[in-house]
Amino acid sequence: MTEPEVIVIGSGPAGLGAATALAQAGRRVLVLERETQAGGIPRHCGHYPFGMREFQRLLRGPDYAARLTDAARAAGVTIRTRTTVTSLQPGGVVEITDDAGPSALTAKVVLMATGVRETSRAARLIGGEKPGGVLSTGALQGMVYLNRQRPFRQPVILGSELVAFSALLTCRHAGIRPLAMIEPASRITTRTSARWLAAAMRVPILLHSDIAAIHGRTRVDGVTLATPAGQRDLPADGVIVSGGFRPDAALLVGSHLQIDAASGGPVIDRWGRLSDPAYFACGNLLRGVETAGWCWSEGRRVAQAILAALQDHLPEPGGVRLSLAHPALRLAVPQVVGAGASGSPYDRLQVRLSRPAKGQLRLMQDGRILAATRIDSRPERRLSLLLPHKLGHGPLTLTIDEKT
Amino acid sequence: MNLADHPDKGTSFDVAVIGAGVVGAALARAFTLAGARVVVLEKAVDVLDGASKGNSAILHTGFDAPEASVELACIREGYALYHDIRDRLGLPLVRAGAMVLAWTEEEEAGLPALIAQATANGVLDVQPLTGPEAQTLEPALSRAVRAGFQVPGEHLIDPWSAAHGYLLQALANGAVLKRQTEVLAGRRSGDRWHLATTTGDVSANLVINAAGLWGDEVDRRVTGESWFTIRPRKGQFVVYDKTAAALAGHILLPVPTKITKGIVVCRTAFGNLLVGPTAEEQDDREHAPVERPTLQALMRRGEEILPALAGHEVTAVYAGLRPATEEKEYRIRTDLAPGYICVGGIRSTGLSAALGIAEHVVRLAERSHTPIADPVWPRMTNISVDGARDWQCPGHGGIVCHCELVTRREIEAALTGPLATGSLAGLKRRTRVTMGRCQGFYCTAELARMTEGRLAQPMAEPPHD
């Protein structure tokens with residue numbers, strides 16, 4: 001291909017959604033994917049439901065990933081797999097390595113869509129030994145759906161986000177019978193309708209509980225749980241450490257681009273632009289996990305902003321950096337808010353909480369409430385607030401008034 | 001199984017080294033290069049499975065070692081030899097330099113004696129520092145620092161590549177490695193030892209006990225008695241994300257106590273930041289669990305030393321066991337039985353001292369072989385930040401572990417050759433696969449596919465249904 005106008009890093013739903021839209025608009029797009037196949041995380045989610053928003057039908061993850069990939073190729077997108085980006089340089093220069101060794105690529109715009117990963121066992125400081133058989137849901141699903149392997153037979157699952165129930169489905173598919181789901185909080189994180197699945201599989205959900213220690217020198221040969229009734233041993237042969245999604249922002253680290261300490265992802269403006277306007281970002285890299293369909297349509301909207309940027313139609317970078325002024329606020333995207341215009345992809349603040357909160361979510365500037373909405377929400381739930389088009393110049397803060 | 005360990009390489013040797021930790025590896029190398037036919041007997045699936053698997057990866061100068069001790073002599077000689085041979089073996093050296101820091105009045109009062117000890121130990125380039133001077137050198141350092149001194153010669157190395165390199169050179173020059181081979185008993189007959197092992201009998205003129213955490217037990221099994229008792233000392237570590245490595249250029253050491261060198265904060269040769277170890281006595285020699293409250297305490301200590309460490313993500317946690325004994329000094333003895341040398345109690349300086357210990361033991365053995373005239377020097381693939389990596393060279397087959405940039409070619413190489421590993425832990429030590437910030441979220445499945453049928457403990461059962 002001749003030099004691409006846009007390089008997209010990552011071929012999950014967000015990256016492919018954007019790439020396809022850009023190619024359909026006549027732009028030369030190159031997608032870089034470090035895995036052996038394009039499609040991102042849905043590739044190894046071998047269960048429903050994917051594809052309603054994109055294809056108006058119910059698909060399993062791998063079929064959905066294949067359809068996204070086919071659609072991108074049909075639109076004229078070039079996808080390079082087994083190609084790892086090693087560094088990002090100012091002005092849209094991307095250093096890569098593949099089997100041929102290191103090289104560099106340049107484009108007018110680079111879109112980051114590198115997605116998320118789960119929080120590891122180590123980062124959670126789970127005690128005990130370090131045997132094999134302690135896996136994230138992502139690793140489990142790769143083994144089960146891509147390799148058709150079975151890493152254990154009776155693990156415990158830590159966590160109760162939606163992905164924990166996805167792990168449960170994966171277990172069922174592979175003939176794995178989890179002994180328990182373990183959740184440190186007082187209730188399960190995802191909406192309770194997922195509880196039927198655990199009940200149907202006769203997997204108890206232990207609330208107020210945690211894994212105190214993992215035992216085993218080479219393979220897991222048991223876990224000790226800390227429960228309200230005291231310590232308790234389970235003869236588990238594996239541990240699934242699920243959820244705690246965080247941006248896979250490794251490329252931003254050490255680059256010239258600004259990172260938001262709150263989200264762990266890049267600082268973007270309402271167009272999805274990073275601190276270097278040659279770079280854009282979209283998808284789960286920004287804020288932790290959303291559904292594939294959400295990421296796909298976010299990609300398509302950012303594509304429109306990129307098309308405008310390629311025609312020099314975007315407003316100059318600038319705006320006020322938003323600060324979070326309430327302890328229950330974990331993150332808000334975009335972090336830089338300038339004057340708006342219709343069609344900006346991030347015309348709504350996407351907000352996440354660090355603890356349950358109830359009250360009025362308020363965007364404040366110069367002592368005035370610019371936007372507000374009532375919330376009664378919990379961590380990992382989706383929250384949003386429509387951004388006003390007109391803004392002043394003073395500090396911009398997001399807060400929660402819990403009294404109202 | 002370790003297919004590389006051919007059983008047909010014979011059962012009769014000049015020297016049998018029991019234990020393939022860093023000390024055993026250095027001994028195997030030294031005796032092989034000195035002309036002896038060497039066998040290394042290791043009970044685990046892979047080498048470096050005991051005390052050597054968890055260390056702090058610092059090449060020490062010996063500035064704080066006990067004066068006039070064997071330990072000091074071995075560290076000094078080992079330190080110099082590492083510098084001599086590392087280029088030829090492809091071993092890394094990240095020049096960091098250390099700062100010993102006093103945080104209390106009492107510690108500050110102890111500094112002059114430590115500086116005097118360093119000088120007496122032959123480490124002549126130590127430089128006293130005031131608190132502000134320390135902070136100028138390390139701007140991220142807490143203002144609570146009172147004073148300290150610099151030890152420019154303390155450096156960072158790879159915790160495992162040195163031992164792998166020593167062993168690989170021994171094997172390349174004729175030594176034999178037998179893994180999954182546990183020594184059960186010994187019998188001396190004439191001028192030879194006959195060792196009964198789990199994989200058959202082995203005989204040798206000289207037996208060297210380098211069994212680390214099992215040193216006393218191997219003494220008993222071979223000679224019938226032991227002259228010391230291993231008292232395992234656990235050390236827990238926290239490894240921070242690579243973003244934190246910029247916070248400390250130097251190795252930040254505390255003022256040591258009689259019992260321990262204390263909690264160190266330093267970069268690693270792989271570009272992370274490490275805080276540890278603890279020093280916890282325990283009876284268990286096999287199991288070294290980490291404990292959340294201890295890890296949290298280590299993190300608090302790290303944040304006291306480098307306040308900006310707060311908020312940095314933890315990449316890994318681990319615990320190692322040091323083979324401590326009743327005494328501080330190494331327990332090296334030649335007079336327990338004829339043709340038997342015990343190299344025991346190499347508690348926490350083994351990585352720095354290994355090459356020196358090996359030369360010391362070669363001299364003690366007083367054997368007259370003809371040194372190999374022109375030995376083979378195999379080169380290790382660099383996986384540290386000190387030099388080019390495999391992904392920068394064409395033909396690497398693509399990257400499998402994205403966080404640590406581990407290539408398909410590197411993983412294949414670790415699964416083949418004379419030191420091929422048969423364990424996932426061994427694969428991690430050789431390549432760093434899954435050891436980065438995602439801890440295997442992305443690459444575990446690919447790795448499970450690549451290693452199918454090639455590990456003693458497979459990562460998964462073969463394809464189902």
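Just so it is clear: chains get the letters A, B, ... in the order the sequence lines come, proteins before strands, and each one is counted from 1. Values reported hereafter were calculated over all heavy atoms of this structure, with side chains retained and with hydrogens, waters and symmetry mates removed.
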Worksheet entry | Met459(B) CE to Asn147(A) CG distance, which is reported to the nearest 0.5 Å | 9.0 Å
Worksheet item: Out of curiosity, Leu252(A) CG to Thr243(B) OG1, how far, rounded to the nearest 0.5 Å?
Response: 12.5 Å
Worksheet item: Rounded to the nearest 0.5 Å, what separation is found between the CE atom of Met143(A) and the CG atom of Leu447(B)?
Response: 8.5 Å
Fill in: Proximal component of Ile214(A), with respect to chain B [non-hydrogen, under 4.5 Å]
neither
Worksheet item: Can you find a heavy atom in the side chain of Arg153(A) that is under 4.5 Å from one in the side chain of Glu461(B)?
Response: yes
Item to complete: Drop me the distance from Thr86(A)'s OG1 to Gln392(B)'s CD, to the nearest 0.5 angstrom.
Response: 8.0 Å
Worksheet, complete the sentence: Per-residue tally against chain A (heavy atom, under 4.5 Å) across Gly440(B), Gly398(B), Gly395(B), Ala316(B) peaks at Gly395(B)
Worksheet item: So what's closer than 4.5 Å to chain A heavy atoms on Arg408(B): side chain, backbone, both or neither?
Response: side chain
Worksheet item: With no hydrogens and no angle check, is any side-chain donor or acceptor of Lys130(A) less than 3.5 Å from a backbone partner on Ala288(B)?
Response: no
Discussion item. For a quick test of reading the model, state the closest non-hydrogen atom pair linking Gly397(B) to Arg82(A) and the distance between them.
Written reply: O-NH1, 3.5 Å
Fill in: Side chain / backbone / both / neither for Thr81(A) at chain B, heavy atoms under 4.5 Å
neither
Worksheet entry | Minimum heavy-atom distance Val314(B)-Ala122(A), with the two atoms named | CG1-O, 4.0 Å
Practice prompt. Taking all heavy atoms of Ala445(B) and all of Ala139(A), pick out the closest pair and write down the distance.
Written response: CB-O, 4.2 Å
Fill in: Residue part contacting chain A, namely of Leu405(B), when any heavy atom lies under 4.5 Å
side chain
Worksheet item: If you round to the nearest 0.5 Å, how far is OH of Tyr442(B) from CD1 of Ile41(A)?
Response: 5.5 Å
Discussion item. Between Phe441(B) and Val116(A), is the side chain to side chain contact (heavy atoms under 4.5 Å, CB included) condition met? List the steps.
Written reply: CA-CA 10 Å; Phe441(B) 174 83; Val116(A) 278; 6.0 Å; no
Practice prompt. Let me know if Arg219(A) has heavy atoms under 4.5 Å from chain B in its side chain, its backbone, both or neither.
Written response: side chain
Practice prompt. Return yes if some donor-acceptor pair links the side-chain N/O of Ser120(A) with the main-chain N/O of Gln439(B) below 3.5 Å, else return no.
Written response: no
Practice prompt. Check whether Val85(A) gets within reach of chain B through its side chain, its backbone, both or neither, counting any heavy atom under 4.5 Å.
Written response: neither
Fill in: Proximal component of Pro293(B), with respect to chain A [non-hydrogen, under 4.5 Å]
neither
Worksheet item: Could you give the distance from CG (Asp98(A)) to NE2 (His396(B)), rounded to the nearest 0.5 Å?
Response: 6.5 Å
Fill in: Side-chain donor/acceptor of Arg292(B) to backbone N/O of Gly127(A), under 3.5 Å
no
Response to the item:
On a heavy-atom basis, the closest approach of Ala460(B) and Pro151(A) is CB-CA, 3.7 Å
Discussion item. Let's test your reading of the structure: which of Gly138(A), Gly216(A), Gly133(A) forms the most heavy-atom pairs below 4.5 Å with chain B?
Written reply: Gly138(A)
Practice prompt. Answer whether the closest heavy-atom distance between the side chains of Glu446(B) and Glu35(A) falls below 4.5 Å.
Written response: no
Worksheet item: Counting N and O atoms only, with roles assigned by atom type, does the side chain of Gln149(A) sit under 3.5 Å from a partner on the main chain of Ala448(B), one being a donor and the other an acceptor?
Response: yes
Worksheet item: What part of Leu140(A) lies closer than 4.5 angstrom to a heavy atom of chain B: side chain, backbone, both or neither?
Response: neither
Worksheet entry | From CA spacing to verdict: side chain to side chain contact (heavy atoms under 4.5 Å, CB included), His287(B), His215(A) | CA-CA 9 Å; His287(B) 303 280; His215(A) 308 296; over 6 Å; no
Worksheet item: So, Arg34(A) side chain and His402(B) main chain: donor-acceptor pair closer than 3.5 Å or not?
Response: no
Item to complete: Heavy atoms only, distances under 4.5 angstrom: which of Arg409(B), Glu313(B), Glu291(B) has the most pairs with chain A? Name it, please.
Response: Glu313(B)
Item to complete: Tell me, out of Cys438(B), Gly436(B), Cys393(B), Cys443(B), who's got the most heavy-atom pairs with chain A below 4.5 Å.
Response: Cys438(B)
Worksheet item: Checking Gln236(B) against chain A: side chain, backbone, both or neither under 4.5 Å from a heavy atom?
Response: neither
Discussion item. Only heavy atoms, only distances under 4.5 angstrom. Which residues in residues 234-251 of chain A are near chain B?
Written reply: Arg246(A), Asp248(A), Ala250(A)
Worksheet, complete the sentence: Given Ser136(A), Gly128(A), Ala123(A), the one with more heavy-atom pairs under 4.5 angstrom with chain B than any other is Gly128(A)
